[in-house]
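Notes to accompany the following structure.
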Amino acid sequence: MGAPNLLNPERRMLRAMQLSESSRTWDLTSILAACDWTDQAIVVGAGHGLQNHGLVDVREEHIREIRLDAQGEHAVEHGLLESRIWAWMQSEESATMQGLQQAFERHEAGPGVGLLKQLGVGIDGGELKAANPDEITSVIDQRSAFLASLPADANDVDSGMLDHFSSRKNLIQTVERTSRHWVLTPEGSAVSADDLQETMVITDLSPELLQGDDWKTAEFRAFDVTLEAATPRTGRSHPMQALIERVRSIFLEMGFSELVDDYVQSAGWNMDALFIPQDHPAREMQDTFYLDQPSFIDLEADVVQAWKAIHEHGGDTGSTGWGGSYSTEVSQRPLLRTHTTVNTIQYLAEHPTEACRVFSVDRVFRKEAIDRTHLPEFHQIEGIIMEEGANLQMLVTTLKTFYAKMGYPEVRVRPAYFPYTEPSLEIEVKWRGKWLELGGAGIFRPEVTEPLGITSPVLAWGMGLERLAMLVLGLDDIRQLYISDLEWLRNQPIL
Ligand code: PHE
């Protein structure tokens, strides 16, 4: 038979087993002795390796063993308490309680009397007396013999004794252990002794090794990469963080720059700038987290004037606006941003004439009741493209490219409505045969761009990151992302 690529311990163990009759069942001690080893881990490891090669069979047995505990060891050495007291009683002409207390320490005299009473010793006028001395001697001898017979398999010991000693403190203990036996297989018997010479087997190449010549004649250990192995549990990114990194790298790759800005914003930039009417329901307290501190956010007077004109009558855009009267106080109210569009619009206000591609992946806040698909804090993937000639086709292509890079090639858009875009779109991705809505997009309206002096068309979108995470990770419940379930986290794919 061809020589399998064995490690030295495997060679030694197989050789030792071959030297005895082939049907022999080997236990740990006999292998340790035959191989001249002291470490049982080497036997287990080599046995496992030989088993993988089909050269030995390993029989594992799980055994419950009864062993002496600390008091039990003491009892084996010095005698059980009842045995010592009994011996003392028999050596005394008159065994009195007083005598007992002198002969034994308090912590032994008390429990000792209890044990003897159970065995049939009575106290009569301060004197200890036994009506059945032979029986007592016999029971005590049995108990001592039981302890002396340990360790033993739990199945083989006397159950009455086991019950008795289990009820006494620290005399015995039950230990679970695995017992292994090894037997040669026919293949193992057939390996030629020549192939079992121990050689220098190289498992790790090191620079030191390569400096010498030994490696030239050494054997190299081949690794079987198909064998089962434990997955190493090392630190890794949270799946949400990993997803954010992936989204980032896709946008960076597509030529976008990242924008990072504050959570705390004014209603003016979060809503007025985006032509969201001041009486829009989404602005209500029950939908938006308004802040008491700071009490207001100062806005540039000319910007507020421009919004006022737009909201009240459309300014110079040709729009009729929303009518009514615009409140500067409302626009100064601080809030936790409800969408990241608040940041892209400010970026545009600062760079109204430079073509740009900007994105952000960041946190937003809405007063949502927490359920399977909603969280009050979540992330949006936001982006804008501003350049001469930018159009709807370009917007759709950009979004499709993004999702294709994420691994979702099937994307469709549907008409939608946002106060700040025209046309407006909803983006849907096909997942497990169903269309799922992942975000909104559109081209900013003149009511948004003109007051800020923006001259080119602006394509804009905002998509939910957690929704995307649900697709990527196959989740039914969005809350799973944030409950820090370690077992679940360990089993997530590397994104
Ligand atoms: N801001 C929108 C939302 O929060 C998404 C969006 C962004 C829509 C940009 C159109 C343009 O859902």
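Counting starts at 1 for both ligands and their atoms, following the listed order. Since we're looking at a predicted model, the values are computed, not measured.
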Open item on the list: Listing request: all side chain to side chain donor-acceptor pair (under 3.5 Å) pairs with a residue in residues 292-309, at least two apart in sequence or in separate chains.
Closed with: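 Counting only pairs at least two positions apart or across chains, the side chain to side chain donor-acceptor pair (under 3.5 Å) contacts touching residues 292-309 are K308-E312.
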Open item on the list: Residues around ligand 1, heavy atom under 4.0 Å from any ligand atom, sorted by chain and number. Can you pull those?
Closed with: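 Lining ligand 1: H339, T341, R366, Q380, E382, F418, Y420, T421, G440, A441, A460, W461, G462.
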Task: Option passing side-chain hydrogen bond (donor to acceptor under 3.5 Å, both in side chains) with Q265 (candidates Q346, H339, R333) - done: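 It is Q346, the one option of Q346, H339, R333 that forms the side-chain hydrogen bond (donor to acceptor under 3.5 Å, both in side chains) with Q265.
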Open item on the list: Can you confirm whether or not the ring centre of F275 sits under 6.0 Å from the ring centre of W322?
Closed with: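 Yes.
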TODO: Taking the six-membered ring for Trp and the full ring for Phe, Tyr or His, determine whether the centres of F256 and F251 are under 6.0 Å apart.
DONE: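 Ring centres of F251 and F256 closer than 6.0 Å.
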Task: Short N-O contact, D262 and R337, less than 4.0 angstrom - done: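 No, this pair does not count.
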Open item on the list: Looking at D316, I'd like to know if its CG atom is crowded, meaning that more than 12 non-hydrogen atoms belonging to other residues, nucleotides or ligands lie closer than 6.0 Å.
Closed with: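 Not more than 12 within 6.0 Å, no.
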